[in-house]
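Please read the structure below before turning to the comments.
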Amino acid sequence: MKSWNCTLSSAAMILLLVMPAPAEEPALPIDRLVETEREFARTCGVKGIRQAFTEFFADDGVNFQPHPVRTKKAFAERPVSPNESKRKLEWAPEFADISAEGDIGYTTGPSRFTDSSKEKPFVQYGAFFSIWKRQPDGVYRVLLDAGVDVPGPVATLDPPLTKGPAHKVPFSEFLGRDEREKRDLARLDLSSGNALASEKETACQRLYAQDARFLRDGHMPAAGQSAVCEAVLSQRAVKKWEVISAGISGSGDLGFTYGRFEREACEPGYFVRVYRRRVGRPWQIAAEVNLPRPPQTPGETSGQPPAASVANWGLLVHSGAGNFASSTLTGETAAARLAGMKAALEAGYRVLACGGSATDAVQAAVEVMEDSPHFNAGKGAVFTRAGTHELDAAIMDGKTLAAGAVAGLKTVRNPIRLARYVMEKSPHVMMIGEGAEALGKEDGAIEFVPSGYFDTQEARDALERAQKKDVAPAPASPPRSFSESPDEKYGTVGAVALDKEGRLAAATSTGGMTNKRPGRVGDVPVIGAGTYAGPGCAVSATGHGEYFIRYTAAHDICARVTYAKASIGDASRAVVMDVLKNAGGDGGVIAMDGNGAIAVEFNTTGMGHGYIGPDGKAWVKLTREDSATGR
Ligand code: ASP
């Protein structure tokens, strides 16, 4: 593969090094900038990451590791590791733009990181974004550098280059810069969060340029206003911006800002923005990067511990019980479930670690699993016998006993969001079907999707299998036994959490049971059956819902903890392994008490579950082996 990267053969490099410098410098600043970027990539291939970054960063240049650091200083202070030579970073610019005056420019394009120090080489694809500043000696050096990971291989590391429009504008058209203008840019950052939250598309089209670019971790880069707006608006609204630094080109046409933000549910991140404008026109965002901002050290946020900090704050999730063994799931399904639960734990952890509430954390975790096709909740929900989807969900705040539950939803992308909405925006606790969906439409806060959005082949196959087994209508009572087939579709999802202020919460979301009658409602949205949280106990259940309703399973566990002073582990075990099992009710629970002690109990052979605590290390399991109870 021909590319400007670290894999150029050493013979080629020697040739490049001994070749005389070209007689003339490329005429345009943008060409010099692009050439410098390419030289940076070549140098990285020859001399390694440390040396290349040290050579090509400005003295005050910053990159994110994952927090912003002065790059040269950070490399100088970091001890050399024996594996450094086994780590390769390759990249190439595919877009570049520069101010009319040529003092500030930026480049972006695909990257690939390979670490061959491990037995199996690790490869991570990404996209880089660099803001360059012309130094007093005329050379370009990196001022700000932000890279994101992308989910799949990049198409090529030798992309064609597009040049942005700014470099074509004559310098004389512009006004120059001053401190006031930098403050204006920073103010634009601050106001854009509110504008995007309230006016959405209209604000996005005003704020982002036609050819804008948007990079965020875990996603392919978006280019062009409509793709950018789709990506920007699919995220939770930013509720707090803090600009760390801003700069404007001498020609006043290109500026940048970078800083920290927090989204709703306290999801912290860093942003980098490049702004562009024409004379007499407002600034528009030409490029933006969003990066996650993990706690500086586990559990620490901005240095302000919450008033009453609980040592054992944490989050437990489940992804459905059933009579399966790890070995009967295909490797792919098992891996997808484990990865989905891990992502859910990390989403909830980000909320808890930065001081967010348990309610926000369980919602964030459940939403991640609702968005994954690998669980029976949101996308991937099972089918009713009529070939439709009817989704149930509930959320409960253990401190206030506020609860919201929804049942029989057909077009709400994230049922747990509507459950939360019922809890906070209506005087009710439980709402069903059309009435619930109508409430969600009132102020546009809930996203709706066509019902086909929930379809997956896996769920369709499960329906077919169930209908073959079950030609006669299912008897009303006792109901057919729960998920016996090893390849049955499992995957109700749930979470319980304890936050730093000692508040507990529980949330559960499901498509119900494969082949259920339209109109059947399971235990999940029945407060006290499949979902419950009180001041000292929170439970989310999964299993044969009819039994969990009749035995008010979740509340029974909490009642034992509250009145009989049972431990969370004993209470959960008694209800799942004695009460439910003796009655024939298959399933399990995750539970947590007010000290953060956890219980994972299931009377089936499998139940996906996982935990994350203050150390930020997630563990996930699909079956009983190594499950942790009564920590
Ligand atoms: N409990 C759910 C229901 O009965 C199903 C499950 O957990 O898999 O609707």
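Order of appearance sets the numbers: ligands from 1, and atoms from 1 within every ligand.
With A541, G543, A529 as candidates, the residue nearest to atom 2 (C) of ligand 1 on a non-hydrogen basis is G543.
Under the rule for a salt bridge (Lys or Arg N to Asp or Glu O under 4.0 Å), K379 has no partner lying at least two apart in sequence or in another chain. With sequence neighbours left out, T384 forms a side chain to side chain contact (heavy atoms under 4.5 Å, CB included) with A386, T388, E390, K516, P518.
Of all the atoms in ligand 1, the ones that sit under 4.0 Å from a non-hydrogen atom of T492 are 2 (C), 5 (C), 6 (C), 7 (O), 8 (O). Against a heavy-atom cut-off of under 4.0 Å, G512 is close to the following atoms of ligand 1: 5 (C), 9 (O).
When only interatomic distances are considered, the shortest N/O to N/O separation between G545 and ligand 1 falls below 3.5 Å. At under 3.5 Å, not a single nitrogen or oxygen of D392, backbone or side chain, sits near a nitrogen or oxygen of ligand 1. Residue T542 has at least one nitrogen or oxygen atom sitting less than 3.5 Å from a nitrogen or oxygen atom of ligand 1, judged on distance alone. Some N or O of D523 is nearer than 3.5 Å to an N or O of ligand 1, by distance alone.
Taking 4.0 Å as the cut-off, R520 counts as a neighbour of ligand 1 on heavy-atom distance.
Between S509 and the options E367, Q363, E370, a side chain to side chain donor-acceptor pair (under 3.5 Å) holds for only E370. Partner of M592 under the side chain to side chain contact (heavy atoms under 4.5 Å, CB included) criterion, out of L316, L315, N312: L316 alone.
Inter-residue side-chain proximity for M220 and P151 is flagged as met; some heavy-atom pair is nearer than 4.5 Å.
Classification of E458 and R465 as a salt-bridged pair fails, no side-chain N sitting under 4.0 Å from a carboxylate O.
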